Every structure is written in structure tokens, then in C-alpha cells.
Chemist: 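Pasting a structure here, questions to come.
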Amino acid sequence: MRSMEKTYDPHAIEQRWYQTWEARGYFAPGQSGDASYCIMIPPPNVTGNLHMGHGFNNTIMDTLIRYHRMKGDKTLWQAGADHAGIATQMVVERQLEAENKKRHDLGREKFIERIWEWKRESGGNISRQLRRLGSSLDWQHERFTMDEGLSEAVKEVFIRLYEEGLIYRGKRLVNWDPKLHTAVSDLEVLSEEENGHMWHMRYPLSNGQGHLTVATTRPETMLGDCAVAVNPGDERYRHMIGELLELPLTGRRIPIIADEEHVDPEFGTGCVKITPAHDFNDYAVWQRHRDEVTISAQAHGGLINIFTIDAAVRENEADEGALIPERYSGMDRYEARKQIVADLQEQGLLEKIDEHKLMVPRGDRSGAVIEPFLTDQWYVKIAPLAKPAIEAVESGRIRFVPDNWKNTYYEWMRNIQDWCISRQIWWGHRIPAWYDEQGNVYVGRSEAEVRRQHNLADDYPLRRDEDVLDTWFSSALWPFSTLGWPEQTERLQAFYPTSVLVTGFDIIFFWVARMIMMGLKFMDDVPFHEVYVHGLVRDSHGEKMSKSKGNVLDPTDLIDGIELERLIEKRTSGMMQPQLAKKIEQQTRKEFPDGIPSFGTDALRFTFAALAATGRDIKFDLGRIEGYRNFCNKLWNATRYVMMNVEGQDCGVSGAKTGHSEPPAKLERSVADHWILSRLQKTKQAVADAIEGYRFDHAAQAIYEFTWNEYCDWYLELSKPVLNDDNASQAAKRGTRRTLVRVLENLLRLTHPIMPFITEEIWQRVAPIAGVSGETIMNQPFPTQRESLINEAAEIEMAWVMRFILGIRKIKGEMNIAPGKPVPVLLANASDNDQALAERHRHFLDFLARTESIEVLAADDQEPESATALVGEMKVLIPLAGLIDKEAEIKRLEKEIGRLRNDADRTEKKLSNPKFVDKAPEAVVQKERDKLAETQKALESLQTQLVKIQNL
RNA sequence: AGGCGCGUAGCUCAGUUGGUUAGAGCGCUACCUUGACAUGGUAGAGGUCGUUGGUUCGACUCCAAUCGCGCCUACCA
């Protein structure tokens, strides 16, 4: 085996181990195991590139998966990707654009073929990147939402829901994206506050008695007005209700109607223009008043659409006459706005224009302003599905972690609207519906089936619906469609319901809620028992990462490192707003003057785990990952030390490949050995508890502290005097070597779920010596606490040793004595136990505190002038002679005394309060008393010491 | 407007049923290249836990109010 380099180099091992694991089939679920454990990956978009959210999300999932696999559960992490309808179609359309083509030039079939082609070329991108993260996904069963099986599941669900009346077709107002030419769901619309205007327009009364003034943020929609509404309780307008207005520019007349629900007399002028075909609220008003003759008599019953699918003013239909003034035909909505405002102004009908902030709805993909638009669409009737989905959470069959997300879930589920599932794009699952020339709809698995079922002749003309389904429709089926549904497969049997869903809060509505509804409907069971909701990964200043801010970090750049110039190029290329490039470049140069160094996957994963406190976003700070890179190096070098001392040596491990496999040799464990073994047991429990409770930050912290502060800082140092002492017995050396290597081997298994690569690499070297055999650490049992190795006595004894050593180090540190300089030490007021301990651990004390000599003073011995440290009641003295500055020691003692004084005062005050003594539990009071006694003893001791020094 | 969450060391964050001298990492100061590791070691400085009240023998922790910040949902045309 190769020797270990002085510095840990992740690149040398990560790729190699991943390939080995995958080639050997370790990621597939085992055949045995009592319990099954399953996580469905939130399918990334095939178009996608790995971002920090994926990094975070997948680190958590892989940690859980590896933990359960090691625990012996039958463990599946289902791999796959999402066809991401709109996003993917846009990517390929952009490619066509570069060739000066549109998708319609190719035609539907060719265009879809082109997307498949593209998917074959670049679709593997995201899975390659997931592999870099070490994700132990079951790639052999990777699925794609558009593959044959999943398409079958989609069709099946659609048909069953249709047959039950839970899917229907209807003409409604929808969110229309005029750039993409498709309907989108409420969720795909993001509203943001933007600066705009409020136009006050005059509508003259038909009776010539003046006018009403309406205020609007969208003056161009006045072409489609069918009424002006006022509040019936509004004194100003009550008497005008029922009268008619001359709708300017159109030559049409519209009524004044009363609508209490929608009109707030306090807002604006108290008069609201009603444009039912281009505003959701107005549509609701129209529905309430559509039967009033002044409205129903209007063209289209008052529901007048004025736009094309591009949101430009449309031409009149043949039978409409001059419904929409020709003058505006073909104008884009904003162009029309300008013209209409100008025309109103010219006619003296524009009263004023105010600055006004308003919420502007934009499509999340296209960024285009969404237009409420009247179209035929397919809907899922959601209330009957939502009801059991709400109950599943109420009853605790599904648990949110953290718990408070259930409120968000309820809030949405209780106000849920029917789900518009049809999209006017080409890439996706085409709706299995056919129409005849009379407009009758037939839903079925295929055209042939439809003809058969409805007795339609082969030459009876049928036309298939052009639309495809919302991408989230197929995602909603993911937990069971990937396992083979509608077939009753073994995998479905074994792994549904899945164990936990790990996801960001941003897709609770898009995805989580819909999976719950569909799972309950078609599997008659919840899709998962727990939902672990994590926060967003932000930059180090807490800003959301985005291309336009230029603060995006790419996980692979953190793993591999990236030079400054390359990073700048990456951040500034392909920008929507190229004018920001300069600023982004400056900002990047300032923040990463030397680019980003390579940290390796394990350090990245450990960072994500350490930052994964529940329920809050994480700010990703480079300092943090650097620290954990150093941690990897620490673990690596601790191993170098261990290997150096155990390789080829007798470690007292039977069956180990050491060349010393004689029958059980005598073995002796020191208190230090017992201590570290005891600490290890407690750490095992802490880590297991933390992972089970989704506290990955606690798990990471427990591992970090044990490794660095206990194993490395203390145990490794304590092993040195034993291993390097020619006088130490072979049995003692054997015991120490055995402990060194076994604790390390345990620690590696404990750490493996979070840091798979370094632990595997090291384990391969360490395991044989520790007497553990196996092909991979991946399939080794996760360490469990061994009660018998918990040793409180050893922990107490080691605490004494540490206090002794720390006391001397502190004096040296504060008195400017070189740490390496051996000093003579005197012990005063030492009990029998103290003396015994000092004797027994003399080699530890000498080595770690660099003591020259240790001498016990009898009670009547004269104490020489010294610097003092306390270990319990014992005084550890370092004589001043030549070493120590008297004034400095006085200051040091005064400071220490001050601190103790404070402490004692506070405790005394507490104890002199009769209410405290009366009411507090006895144990608490006793604890305070003990503390006071201890503090007072220490205080006395230091005070006499101070007097002594002062009198010199 | 409603809902959720957050304000703890210069920075990033722990602190789970109220009882610690309020912790960690990074950063900072001083010293140290000792045979695992300078991606290191040793010692140290640094906090009236946003503010104000209340409950309690005792509050970072519970309650109320208030200020600041973030997010989500619904919005006034």
C-alpha cells in the first residue's frame, strides 16, 4: 500500500473510490435487512446544473442513506431526473434561435426529436455532478419522467381521474404567459412590487350629467370594460346605480353596477372599472352580475377579450363590428396603453396620473408580465384530493421536520384552487384526449382504444389534444411511478411508502403537497412518513445566490478549486443584463483575490452538515469550509501517526494482519485507554441520536470535537510517552496500539456517512490492522455504543490529569516560560489519592506538561515562593527561583482571586436568600453549597499564596 | 393585511422540557517549527444573550409589549 502523503489530497482518491463503489454495485439495495429505508431524490431538471441547493440537499440525503445502509437496513436511494417541460423546451428553443429558427419551423415531431437528442448529449451532466458529491444513488434503476414506464403511469392517472370526474375541461381566466404562449399555474407566477402609475380617467354619464372618475393601473384594458362598479353603501354614487356611462374611445355604453364585495369606497375614487376578461377580481364581479340585462346584452355577454396570445390588441372578429377600435389593433399592450392615455388626454378625459407602487405578476421562467386570459384548459378538481392529504398530516401519518412547516402546508391546502394542468407547449406528456368535429371529447389510453370504446368508425375524424401536462403532474407521481406503478412490482412492495422526503420549503406546494394527494389517491397510503424541510443556501452575506447578482458558488468549484479569471468568466458570461458584468468582476476580485482553492468533496459535505441547523437558511462562508478542509487534514495526519506506530507492530488484535498473530498476548490498558474508549462510546450515541433527529450540525460537531479535542489533542499525545518509553511493558504498548487503531477504525465508520471518501481511503489501511475485514467501509456496521466500555472512573481520573497539565501550561503561558522548558513541580496539600495519581501518571505529566521533577511536600514542609495552580484542593507549585517574575505572579493571582471572589459572592447571595433555600429543589441548593465550599477553599488557598508572595 | 421565522463574541452559528463561570469555529493577540499535522501546537483577549416590562427563589430559555430584519400567502382597482 502506498505511503501516506504529509498533506491530505482529496483529488487523489475521490474519483477512484466512487468508480469502485459504483462498479461493485454497492449502491443497489441489499437483499437482506429487517427494515427498509428509502428516499426518493427530488428529480433534478435534465437541463440542470448542480447548484449549492443540490449540494446541501444531496449531502443530507446521502448521509441518511449511508447511515441506514450501515445500520443494515434494506436501503434504496432512488435516482432520476425530471423532463422539466418549459425549462427544457426553452433551452432547445434558444439553440434554434441561434440557427434563426423557431420550433414551428421544425414542426412538433422534429422538435421533440431534437430535444431527445439534446437530452442524450447533455442530460447526463447533472448525474455526473451528483456523483462528484459522492451520492450513493441506485443508478441502475435511474428513471426519467418521460421514460416509457413513467409516461404510462401519467396516462393511467389522468384517465382514472377523468373517469372519476376529478379532471375536467373548462373555459376560464388563467395566468397566461404571452411570451411562452402557455397557461401557467398560480404557483408559477411571482408577484413583485414595482413602480407604476395610477391613471384617473373620466367616463361621461350618458345622461350628460357629468362623469365618474375611475382609477386604474392598466388603462389599456378599458377597451374591454363592461361596467363600472361602486359600493352600494357609498353615498356619493348610490343614486347613479343602474345609469349608463359612455365608455370613451369605443362608442360603447356600460352600466354602473353595485358590488359591495369588491369595491372599497375608501380606495381611489370609489369607482372601479370592470374588465372581466383581463382581471381575476373583475371576472368574479362579472360572474355575480352576468345576468343583469345591461351586461348580458353586451357583446360576449360582457366578457370581452381584447388581446391576442401575444398580449397585443386583437382584430375584430367578422361578427363583432367595431367592438374594439381599429385604431389600436396590433398594438402591444404597452404601446396601446401609451396611445390610449394620449387619446384620453386629448379628449380631456384624463384627470390625473399618480405615482403608484403595484404588484406585477411575472412568469417564473420567462419573466414576462402575466396576462389574465380567457382560454380552454384542463383542470384537476382538487378539494376531494386535498381533504385526505390534510388529514394525513393532522393525524401524524406524515410529520414535518421542523414541525412548524405543517402550518404553511395547512394554510395552502385549505385555500387550494383547482389545478390548471394543461400547457400549450410541446415537450411533455401529451394529454390523452381526442376531439371529433362536433367538439366532443374522448379520453383514453390511445386513439384505437377511444374508437373501440365509443364505437367510432376508423374513418371518423378525430384530432388529438395539442396540449401537454404540467411537469409537476408527473412529479406528483414520482414516489410510486419510479417503483414500477401501475405494475405491482417487488420494489413497489418493498419501498412504498418511502421513509423521508428531503427538500427545500420552496417546493412544498409544487411538489410535496401534490405527492401526498396523489399517493393517497392511487396507493392508498402516504408517499413518505417524514418531510425534512431545509433552508436555502445563501452567500456569506446572506444574499440569495443568483446569476444577476454574480454571487453564485458552484459546488464543483469548491471541490476542485477555480482560478480567479475562470471564476470571473463564469460569473459574467451569458448574462441577461451584461451591464452588470463590470460590477460583478470587481466584487469577485475583491472577495476571491486568489480564486477558490480546492477543498474536496468531503470538506464540502462536512460543511453542509455542520451548517444544517433546522429551520433556517444557511450562509455559506468560505472560512467554514476551509476549517473543515483542515479537519480532513487533521484526521489524515492522525492516521499517519497511528499507522507509523502500529504497522508491523503487535497491536494485540487477534486475526489482524500484523505478522504477530500468536495466541492472545498479555494486554494492559492505561487509564487513558479506558478514558478514550469511554468518550468514544458517548460520541457514538451522540452521533446516532443526532442523525436520527435530523440534527446534522450536532452530528458533525460531535465528530469534530471528539476527533480533534479528545482523540488528537489528548489521546494521541498520551500515547507517545507509552510507545516511546523503553521501560514501558510490552503489554502496555500492546494495549495502547490496540486502542489507537481500534478507536480510529470506529471513528472512521462513525464519520463515513458525512465524509465518505477520506474515511474509505483511511479505513482500507486501518481496518486490517484493527482486525476488521471487509471490502468497503460502506457496508460495515455503523458503530453502536457499548455500555460496558463507558468508564466514569477513568473519565474522572483523566480530568485530574488534564487539570494538572493545563494548570502548568497556563502558568507557563502567562509567565512567558517557554512551553518546552522543563520545570520542577512541588505538590502541596496533596491527598493520598493525589499522590497516587501523580505517581501513576508521572509519565503523562512529564511528557505533556514538561515537568522536570515532581516532589510532594509534607504538611509541615516550608513552601518556597512559587507560582500556583489548583487541582481540586491540591496546590501545584512551580518555584519562582529564576523562572518567574514576582510581580507577574502577583497580578496573575489577583486576577484569579477576583474571579473566584465574584463567584463566591454570587453564590453566597443566592444561599442567603431564604426564598431560594426554601423553594428551590434540594439538589439545586446542595449544588450551590458544594460550589461555594469549593470556591472558598480555592480562594483561601490562593489568598495565602498571594500574601506569601507579597511578603518576599 | 395575515402567517412563519430570526435578532447570543468582530463574523458565522450552537445553547430541546427555566438552575453552566453563556459555548464552538473563523478572525484577533502573544509565544512555539517538539519526529502525525504550520491546513499545526500552547496560552489569552472578546458577550449587561435587540429593548422594556411581567411570571419565578432563579429567565438566553416562559409570557406580554416594542424595535429591527427576512421569508411566505393574499391583496386596493
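Every chain is numbered from 1 and lettered A, B, ... according to where its sequence line falls, protein lines coming before strand lines. No experiment lies behind these values; they were computed from the predicted model shown.
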Chemist: Kindly state which residues belonging to residues 352-360 of chain A come within less than 4.0 angstrom of RNA chain B, counting heavy atoms of the residue only, listed by number.
Modeler: His356(A), Met359(A)

Chemist: Which pairs, with at least one residue in residues 263-281 of chain A and sequence neighbours excluded, count as a salt bridge (charged side-chain N to carboxylate O under 4.0 Å, His left out)?
Modeler: Asp225(A)-Lys273(A)

Chemist: Can you list the stems that include RNA chain B, where a stem is three or more consecutive Watson-Crick or G-U pairs with distances under 3.5 Å?
Modeler: B:1-7 with B:67-73, B:10-13 with B:23-26, B:28-32 with B:40-44, B:50-54 with B:62-66

Chemist: Within this structure, what is the CD1-to-P distance between Ile811(A) and G44(B), rounded to whole angstrom?
Modeler: 11 Å

Chemist: Sequence neighbours left out, what passes salt bridge (charged side-chain N to carboxylate O under 4.0 Å, His left out) with Arg337(A)? Give chain and number order.
Modeler: Glu220(A)

Chemist: With rounding to whole Å, what would you report as the distance between U8(B) and G15(B) at their P atoms?
Modeler: 14 Å

Chemist: Does the salt bridge (charged side-chain N to carboxylate O under 4.0 Å, His left out) test come out yes or no for Glu889(A) and Arg892(A), once each step is laid out?
Modeler: CA-CA 5 Å; Glu889(A) 177 62 6; Arg892(A) 214 177 65 83; 2.9 Å; yes

Chemist: Please tabulate the protein-to-nucleotide N/O contacts below 3.5 Å involving nucleotides 27-34 of chain B, giving atom names and distances.
Modeler:
none

Chemist: Is the base of U16(B) touched by the side chain of His698(A) through a donor-acceptor pair closer than 3.5 angstrom?
Modeler: yes

Chemist: When you match Tyr8(A) and Asp264(A) each to their closest nucleotide on RNA chain B, which lands nearer the 5' end?
Modeler: Tyr8(A)

Chemist: Just how far, in rounded Å, is C1' of C72(B) from CZ of Phe509(A)?
Modeler: 7 Å

Chemist: Which ones in residues 711-724 of chain A lie close to RNA chain B, meaning a heavy atom under 4.0 Å from one of its atoms?
Modeler: Cys712(A), Asp713(A), Leu716(A), Glu717(A), Lys720(A)

Chemist: Quick test of your reading: applying side-chain hydrogen bond (donor to acceptor under 3.5 Å, both in side chains), list the pairs with at least one residue in residues 909-925 of chain A, sequence neighbours left out, ordered by first then second residue.
Modeler: none

Chemist: Donor-acceptor check, side chain of Asp282(A) to backbone of Thr275(A), threshold 3.5 angstrom: yes or no?
Modeler: yes

Chemist: Scan side-chain atoms only and decide if Asn902(A) and Arg899(A) contain a donor-acceptor pair under the 3.5 Å cut-off.
Modeler: no

Chemist: Starting from C1' on C13(B), measure out to OH on Tyr628(A) and report it in whole angstrom.
Modeler: 9 Å

Chemist: Can you list everything that forms a side-chain hydrogen bond (donor to acceptor under 3.5 Å, both in side chains) with Asn630(A)? Sequence neighbours excluded, please.
Modeler: none

Chemist: Any base atoms under 4.0 Å from Leu806(A), or only sugar-phosphate, or nothing? Heavy atoms, all strands.
Modeler: sugar-phosphate

Chemist: Strictly distance-based, threshold 3.5 Å: is any side-chain N or O of Glu934(A) a donor or acceptor partner for the main-chain N or O of Lys931(A)?
Modeler: no

Chemist: Are any protein N/O atoms closer than 3.5 Å to N/O atoms in nucleotides 21-24 of chain B? If there are, list each pair with its distance.
Modeler:
unit_1: U21(B); atom_1: OP1; unit_2: Lys931(A); atom_2: NZ; d: 2.8
unit_1: U21(B); atom_1: OP2; unit_2: Lys931(A); atom_2: NZ; d: 2.7

Chemist: Within this structure, what is the CG-to-C1' distance between Asp403(A) and U16(B), rounded to whole angstrom?
Modeler: 13 Å

Chemist: For nucleotides 3-6 of chain B, tabulate all protein N/O to nucleotide N/O atom pairs closer than 3.5 Å, reporting atom names and distance.
Modeler:
unit_1: C4(B); atom_1: O2'; unit_2: Asn404(A); atom_2: ND2; d: 3.3

Chemist: Mind checking salt bridge (charged side-chain N to carboxylate O under 4.0 Å, His left out) for Glu692(A) and listing every partner two or more places apart, or none if nothing turns up?
Modeler: Lys71(A)

Chemist: Is the phosphate of C57(B), meaning OP1 or OP2, less than 4.0 Å from a side-chain N or O of Lys915(A)?
Modeler: no

Chemist: Holding to salt bridge (charged side-chain N to carboxylate O under 4.0 Å, His left out), I want the full list of residues that pass it with Glu194(A), two or more places apart in sequence or in another chain.
Modeler: Arg362(A)

Chemist: Between Gln701(A) and Asp697(A), is a side chain to side chain donor-acceptor pair (under 3.5 Å) present by the stated rule, with each step listed?
Modeler: CA-CA 6 Å; Gln701(A) 199 184 348; Asp697(A) 54 333; over 6 Å; no

Chemist: With rounding to whole Å, what would you report as the distance between G40(B) and G70(B) at their C1' atoms?
Modeler: 40 Å

Chemist: Side-chain N or O of Asn637(A) less than 4.0 angstrom from OP1 or OP2 on G40(B)?
Modeler: no

Chemist: Rounded to the nearest angstrom, tell me the gap between atom CD in Glu193(A) and atom P in C71(B).
Modeler: 13 Å

Chemist: Is the shortest distance from a Lys or Arg side-chain nitrogen in Glu351(A) or Arg202(A) to a carboxylate oxygen in the other one below 4.0 Å?
Modeler: yes

Chemist: Between Asp621(A) (CG) and G10(B) (C1'), how many Å, whole number?
Modeler: 13 Å

Chemist: What is the distance, rounded to the nearest whole Å, between atom NZ of Lys634(A) and atom C1' of U39(B)?
Modeler: 10 Å

Chemist: Give a yes/no answer on whether the side chain of Lys810(A) brings an N or O atom under 4.0 Å of OP1 or OP2 in U42(B).
Modeler: no

Chemist: Considering only heavy atoms and no angle criterion, is a donor-acceptor pair shorter than 3.5 Å present between the side chain of Arg809(A) and the base of U42(B)?
Modeler: no

